[in-house]
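Every chain is numbered from 1 and lettered A, B, ... according to where its sequence line falls, protein lines coming before strand lines.
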Amino acid sequence: MSDMADTGKDFIREIVAEDFRSNKYGGSVVTRFPPEPNGCLHIGHAKAICLDFGIAAEGNGVCHLRFDDTNPVAEETEYVEAIKEDVHWLGWNWGEHLYYASDYFEQLYEYAVKLIKIGKAYVCALSVEEFKEYRGVPTRPGKESPSRNRSVKENLDLFERMRAGEFKDGEYVLRAKIDMSSPNLHMRDPAIYRIKHARHHRTGDRWCIYPMYDFAHCLSDAIENITHSLCTLEFEVHRPLYDWILQAVEMPEPRPRQIEFARLNLSYTVMSKRKLLQLVRAGYVSGWDDPRMPTLAGMRRRGYTAEAIRVFLQRIGITKVDGITDIALLEHCVREELNRTAPRVMAVLDPVKVVIENYPEDLEENMEAVNNPEDLSAGTRQVPFSRELYIEREDFRENPPGKFYRLAPGREVRLRYAYYITCASVIKDENGRIVEIRCIYDPNTRGGDSPDGRKVKGTLHWVSARHAVKAEARIYDRLFTKEIPEDVEEGDDYLKNFNFNSLVTATCMIEPSLQGAKPGDRFQFERKGYFCVDVVESREGALVFNQIVPLRDSWAKIEKTH
RNA sequence: UGCCGGAUGGUGUAAUGGUAGCACAACAGACUCUGGAUCUGUUUGUCUAGGUUCAAAUCCUAGUCCGGCAACCA
């Protein structure tokens with residue numbers, strides 16, 4: 001309990017610390033992460049995961065992974081496995097505490113019977129439409145269902161027959177008997193069991209009635225002796241029902257306590273499962289694991305590290321304020337880690353040829369390059385150099401604007417770890433496009449330093465043409481063009497703000513040391529950005545690199561504002 | 001017009017009656033064999049109006065604005 005100091009923690013950790021101090025739960029902390037297996041996890045879920053598992057870890061407690069699988073029509077086993085993988089990848093372990101709400105179906109049924117027996121639940125025959133009508137609206141009380149005063153005996157009989165499959169979907173529903181005039185809609189006799197003749201991914205055809213979230217969740221928490229049940233703000237209005245059910249079935253105290261926090265919203269992306277699914281289904285992206293997606297699978301494939309995500313989540317904190325976090329902060333956290341850890345290599349994303357006129361045709365030299373200036377223990381490597389090279393097309397300007405200090409006619413620059421070169425002339429094709437830049441090198445500057453001490457403003461990365469390896473680079477941009485994609489005119493929807501330039505594919509030239517790169521390996525392409533070998537489509541001899549995040553680019557900024 | 005939340009720089013947060021701080025972003029400069037990294041500095045904030053108090057972001061009152069809630073979804 002070392003981290004249970006009073007300050008510097010979010011309001012939930014303070015509550016947990018206070019409960020620990022007062023010994024409310026006998027000194028134990030038990031949390032749970034309760035995903036519904038109907039889609040992939042995204043970074044918003046990661047916020048909940050790190051909170052649930054983090055609090056448990058800090059309090060020497062445990063966090064359960066519980067699949068909230070109470071709706072058989074939406075849920076699938078494949079998502080169960082994907083979710084487990086994501087939670088593990090994020091760095092958390094549930095140990096033996098893997099549960100399913102469906103494991104409790106029998107117990108839940110018994111609790112429902114108990115509610116009926118004490119007159120706190122009834123079988124209602126209202127149709128869906130009538131149900132809605134009877135519920136009323138927020139500003140007006142609802143009215144009681146004609147079924148409300150059915151006898152206990154009759155309720156018991158009907159509920160049993162519901163379970164036995166005597167009725168069709170929607171014919172009956174079990175409702176908690178609470179208060180049809182409550183200002184809280186969720187307390188107006190909410191449905192707690194419905195009939196669904198559907199095959200469940202774990203219980204098969206054993207059941208044709210399934211508990212509703214509000215009924216199953218609080219009871220599952222109580223069954224598992226959860227102490228703190230953390231969820232997002234939209235469940236705030238459900239809390240009175242959560243407490244009511246536990247009280248009604250006389251769950252022993254201390255009972256689990258639901259606490260709500262604000263979900264994560266990130267700029268330039270969407271976070272709802274529905275929208276994410278739509279992007280997948282409509283082909284805007286290649287799948288749940290498309291590297292542009294805010295899903296954990298997507299981010300992992302993109303090359304984001306779990307550590308960077310955890311640091312990011314820690315920095316944004318936990319509050320009840322519903323806001324939008326700047327995705328730049330996430331990107332910053334990724335760069336911060338990769339700057340420390342990623343080996344540097346040279347790769348030219350948009351190549352143009354440079355010919356060094358005074359460099360011998362058949363000469364080859366190996367230049368020593370530092371693998372990571374932030375970590376000298378990463379050592380050095382040899383990079384082959386020769387007369388013909390590739391440099392980045394944008395690193396040359398025929399008419400350089402002010403503050404541009406890369407290559408231009410008559411100008412001298414440094415080739416990183418190699419020589420100073422001066423541009424002598426350019427060769428263009430019939431369309432005026434530059435096909436070759438002719439340069440002169442200074443043999444005395446080998447390694448990149450000039451013995452006479454003369455300085456050069458620009459340093460360019462390069463790849464020897466003869467030794468270059470061709471590869472595919474996928475350059476990603478934000479998924480949407482607007483900070484808040486949903487912010488549209490009447491009649492439009494968020495898809496209108498989809499960024500069709502969010503994926504640009506380039507054929508690049510990479511240094512030969514990259515030839516043995518393995519799927520998942522991360523590098524910094526010097527002066528460009530961090531890249532990760534794609535785990536799905538990269539092949540030996542046909543490497544595919546995903547841009548994780550570009551380097552900060554102050555030249556681009558200067559150019560934009562001038 | 002109902003109920004439940006929330007409001008601190010552009011963004012995310014801290015300060016729990018006692019100097020409004022941190023991070024990101026932005027801007028300026030230093031340094032640099034990555035226009036990266038690093039370093040230094042700058043700009044920008046307590047929703048409003050009253051009240052309590054020696055002292056209010058914090059407590060009280062009244063407003064304003066924003067979000068959520070009317071699936072047999074979770």
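Scanning for ring pair (Phe, Tyr, Trp, His ring centres under 6.0 Å) contacts around A/Tyr111 gives an empty result, with sequence neighbours left out.
Across all strands shown, B/A62 forms a Watson-Crick or G-U wobble pair, both distances under 3.5 Å, with B/U48. Applying the Watson-Crick and G-U wobble criteria (two distances, each under 3.5 Å), B/G35 pairs with nothing in any strand. Of all nucleotides present, only B/G68 satisfies the Watson-Crick or G-U wobble test against B/C3, with each distance under 3.5 Å. Using the Watson-Crick or G-U wobble rule with both distances under 3.5 Å, B/A23 pairs with B/U11.
Here B/G5 is the nucleotide among B/G35, B/G5, B/A74 with the atom lying nearest to any side-chain atom of A/Lys320. When the nucleotides B/U1, B/A70, B/A25 are ranked by their closest atom to the side chain of A/Thr139, B/U1 comes out on top. Of the candidates B/G6, B/G35, B/U34, the closest approach to any side-chain atom of A/Phe404 belongs to B/G35. When distances run from any side-chain atom of A/Glu374 to the nucleotides B/A37, B/G35, B/A26, the shortest one goes to B/A37. Distance from the side chain of A/Gln524 is smallest for B/U34 among the nucleotides B/G36, B/U34, B/A70. Comparing atom distances between the A/Asn71 side chain and each of B/U34, B/A74, B/A70 picks out B/A74 as nearest. Across B/A74, B/A7, B/U34, the shortest atom-to-atom separation from the side chain of A/Arg194 is found for B/A74. Nearest to the side-chain atoms of A/Pro373 among the listed nucleotides B/C72, B/U34, B/A15 stands B/U34. Residue A/Val173 places its side chain closer to B/C72 than to any other of B/C72, B/U34, B/A70. Nearest to the side-chain atoms of A/Trp555 among the listed nucleotides B/U34, B/A25, B/G35 stands B/G35.
With A/Ser145 contributing its side chain and A/Ser147 its backbone, the two residues share a donor-acceptor pair below 3.5 Å. Side-chain atoms of A/His200 never come within 3.5 Å of backbone atoms of A/Thr70 as a donor-acceptor pair (strictly under, hydrogens ignored). A donor-acceptor pair under 3.5 Å links the side-chain atoms of A/Asn265 to the main chain of A/Gly323, judged by distance alone.
In this structure, A/Ser127 reaches the bases: a heavy-atom distance under 4.0 Å links it to at least one base atom across the strands shown. Residue A/Arg414 is in base contact, counting any heavy-atom pair closer than 4.0 Å across all strands shown. Base contact: A/Tyr405 has a heavy atom under 4.0 Å from a base atom. Within 4.0 Å (heavy atoms only), A/Lys273 reaches no atom of the nucleic acid at all. Within the nucleic acid shown, A/Arg135 comes within 4.0 Å of sugar-phosphate atoms alone, with no base atom in reach, counting heavy atoms only. A/Thr319 comes within contact range of the sugar-phosphate backbone alone, with a heavy-atom separation under 4.0 Å but no base atom that close. Residue contacts for A/Ile558: at a heavy-atom cut-off of 4.0 Å it reaches a base atom on one of the strands shown.
Between B/U43 and B/G21, the distance separating the two P atoms is 12 Å to the nearest Å. Taking atom P on both nucleotides, B/A56 is separated from B/G51 by 12 Å, rounded to a whole Å.
Between A/Tyr210 and A/Phe105, the angle of the ring planes goes over 60°, which puts this pair in the perpendicular group of the 30/60° scheme. Below 30°, between 30° and 60°, or above 60°: for A/Phe525 and A/Phe531 the angle between ring planes is below 30°, a parallel geometry.
Salt-bridge annotation for A/Glu224 and A/Arg66: present, with a side-chain N of the basic residue lying under 4.0 Å from a carboxylate O of the acidic one.
Counting atom types as modelled, A/Arg406 pairs a side-chain N or O with a base atom of B/G35 as donor and acceptor under 3.5 Å. Evaluation of atom-type donor-acceptor distances gives no pair under 3.5 Å for the side chain of A/Arg315 against the base of B/U13.
Where A/Lys132 and A/Asp553 each meet RNA chain B at their nearest nucleotide, the meeting point lying more 5' is that of A/Asp553. Looking at which nucleotide of RNA chain B each of A/Glu336 and A/Glu171 is closest to, the 5′-most match is held by A/Glu336.
Under the salt bridge (charged side-chain N to carboxylate O under 4.0 Å, His left out) rule, A/Asp395 has a single partner from A/Arg414, A/Lys528, A/Arg416, A/Arg406, which is A/Arg406.
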Between the protein and nucleotides 65-69 of chain B, which nitrogen or oxygen pairs come in under 3.5 angstrom?
| unit_1 | atom_1 | unit_2 | atom_2 | d |
| --- | --- | --- | --- | --- |
| B/G67 | O2' | A/Asp322 | OD2 | 3.0 |
| B/C69 | O2' | A/His186 | NE2 | 3.0 |

### Task
Decide yes or no on side chain to side chain contact (heavy atoms under 4.5 Å, CB included) for A/Trp288 and A/Leu276, but give the supporting numbers first.
CA-CA 8 Å; A/Trp288 284 102; A/Leu276 261 14; 3.7 Å; yes
